[in-house]
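First listed ligand is number 1; within each ligand, the first listed atom is number 1.
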Amino acid sequence: MTILIKIDPDAIETDKLRQAADIITGGGLVAFPTETVYGLGANAFDSKALEKIFKAKGRPQDNPLILHISEFEDIRRLTNEIPQMARKLSAAFWPGPMTLVMKKSDSVPYTATAGLDTVAIRMPSHPVAAALIRLAGVPVAAPSANISGAPSPTNADHVLYDLDGRIDAVVDSGSTNVGLESTVIDITGDRPVILRPGAVTREQIEELTAGLIEVASESASAGRSSGTPRSPGVKYRHYSPKASLMIIEGEPDRAAEAAAGIASKFMTAGKKTAVMATDETLDTYGGIPGVYSMGARSNPSIIAANIFSLLRKLDNFGYEVIIAESVEDKGLGAAIMNRMNKASGYNIIKA
Ligand code: TXA
Ligand code: MG
């Protein structure tokens, strides 16, 4: 049985939330909202509880977890060396959608880091996440609260769809804000390296570090057996809907025309086909059925907040094929396209 605990983020009832914190300190699993996506939380110092996370999600053993803290000083429980870059980045972006990879201390179990000597740390800004971590009194390990490989959950219904009966509780505080997982930055080397793009953008980090930033090439290592990716998570199939997903790259009007043509062909061939379009291109599709907007290109944060939820919805509607327009690959758009391209298994067509 999975207990549902409803918490209003604007009026947090501490007594209700304490029930969730007690489950965590007691070695159980609690899904909870963060500003990015829902996480599946456990006591970061409890190896047995961490093993339950891997089991509940069907997560590969070699994919390490992010440990969540509620104040900067908690970092000392997880690492003995706080690099200058950690202070700089955290001053700018914590609490918020950014994860920093640093050297781990002995108190962090290898179950959390999947055997690595580094640890991923994040201080979320969601008031319910922060309150829960504070009440638990321990750093909370939390991957996204989905079955491994599925789109990340942006509300409690998504969590229950994947994990009902497999975890102890879900804290339901409505939909998450950002909709995409945090930016993961490795700061163990000379220069910070973005391992996973997110809402803290490359451009923002470049500005803060005077350009001293690298971006790990994911597509280069994704899906290949040779070469060790720097972030173990990147090599797995991710975010994928059950439908076969195709991404159409190119200037918006041309991409939309190409998407309409391809969608029509699939429909004629008898495939139940959906299109993920944008507000600006909706008109291009005329009367074709199954066209959904991801949001306006002029406001990528809405698209980011919508895409995982839209992918899940289209699956539930039983679509076999999804054709999606790409958006501009910069700023938040880089994170959006990272998830979309991965979800498609790099099934990308240039219009
Ligand atoms: O926004 C988020 O980050 C959400 C919320 C719940 O905080 N969490 C999340 O966790 O997305 P997960 O497990 O789905 O993704 C964690 C990513 C994986 O790509 C993993 O490989 C990487 O972080 N990671 C964790 N520890 C690492 C380490 N020591 N070195 C390199 N990458 C690491
Ligand atoms: Mg995940």
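In Thr118, the parts holding a heavy atom less than 4.0 Å from any atom of ligand 1 are both the side chain and the backbone. Residue contacts with ligand 1, taken as heavy atom pairs separated by less than 4.0 Å, do not involve Lys104 at all. Within the 4.0 Å heavy-atom criterion, the part of Leu195 lying near ligand 1 is the side chain and not the backbone.
Less than 4.0 angstrom separates some heavy atom of Leu65 from each of these atoms of ligand 1: 25 (C), 26 (N). Close contacts of ligand 1 with His68, meaning ligand atoms under 4.0 Å from a residue heavy atom, involve 5 (C), 6 (C), 7 (O). Near Leu116, the atoms of ligand 1 lying under 4.0 angstrom from a non-hydrogen atom of the residue are 28 (C), 29 (N), 30 (N). The Ala120 neighbourhood of ligand 1 comprises atoms 25 (C), 26 (N), 27 (C), with distances under 4.0 Å to a heavy atom of that residue. Within ligand 1, the atoms closer than 4.0 Å to a non-hydrogen atom of Thr36 are 1 (O), 2 (C), 4 (C), 5 (C), numbered from 1 in the order shown. The ligand atoms of ligand 1 that sit less than 4.0 angstrom from a heavy atom of Gly39 are 6 (C).
Taking any N or O of Asn63, backbone or side chain, at least one lies under 3.5 Å from an N or O belonging to ligand 1. Looking at ligand 1, you won't find any N or O of Glu181 less than 3.5 Å from one of its N or O atoms. In terms of polar-atom proximity, Lys57 is not counted as a contact of ligand 1, lacking any N or O under 3.5 Å from an N or O of the ligand. Note: no N/O pair closer than 3.5 Å links Tyr38 and ligand 1 by distance alone.
Formation of a donor-acceptor pair under 3.5 Å by the Thr201 side chain with backbone atoms of Gln204 is found in this model.
Annotation: the span from Asn63 atom CG to Lys57 atom NZ amounts to 8.0 Å, rounded to 0.5 Å.
No more than 12 heavy atoms of other residues, nucleotides or ligands sit less than 6.0 Å from atom CD of Glu207. Atom CD of Gln84 has 12 or fewer heavy atoms from other residues, nucleotides or ligands within 6.0 Å. Atom CZ of Arg254 has 12 or fewer heavy atoms from other residues, nucleotides or ligands within 6.0 Å.
Contact annotation: Thr113 has no heavy atom less than 4.0 Å from any atom of ligand 1. Distances from ligand 1 to the non-hydrogen atoms of Ala142 include at least one value under 4.0 Å.
Checked against the 6.0 Å centroid criterion, the rings of Phe32 and Tyr38 do not qualify as a close aromatic pair.
Cluster annotation: Leu180 is not connected to Phe93 through the hydrophobic network of ILVMFWY side chains, with a link wherever side-chain heavy atoms come within less than 4.5 Å.
When only modelled atom types and interatomic distance are considered, Glu181 and Ser152 share a side-chain donor-acceptor pair under 3.5 Å. Side-chain atoms of Ser182 and Thr99 form a donor-acceptor pair, as typed in the model, at a separation below 3.5 Å. Looking only at atom types and distance, the side chain of Thr281 has a donor-acceptor partner in the side chain of Glu325 under 3.5 Å away.
By the 6.0 Å and 45° rule, Lys271 does not stack over the aromatic ring of Tyr319.
Metal site remark for the Mg ion (ligand 2): Ser152 contributes no N, O or S atom at a distance under 2.8 Å.
Nearest to atom 27 (C) of ligand 1 by heavy atom, out of Pro64, Ala114, Ser182, is Pro64.
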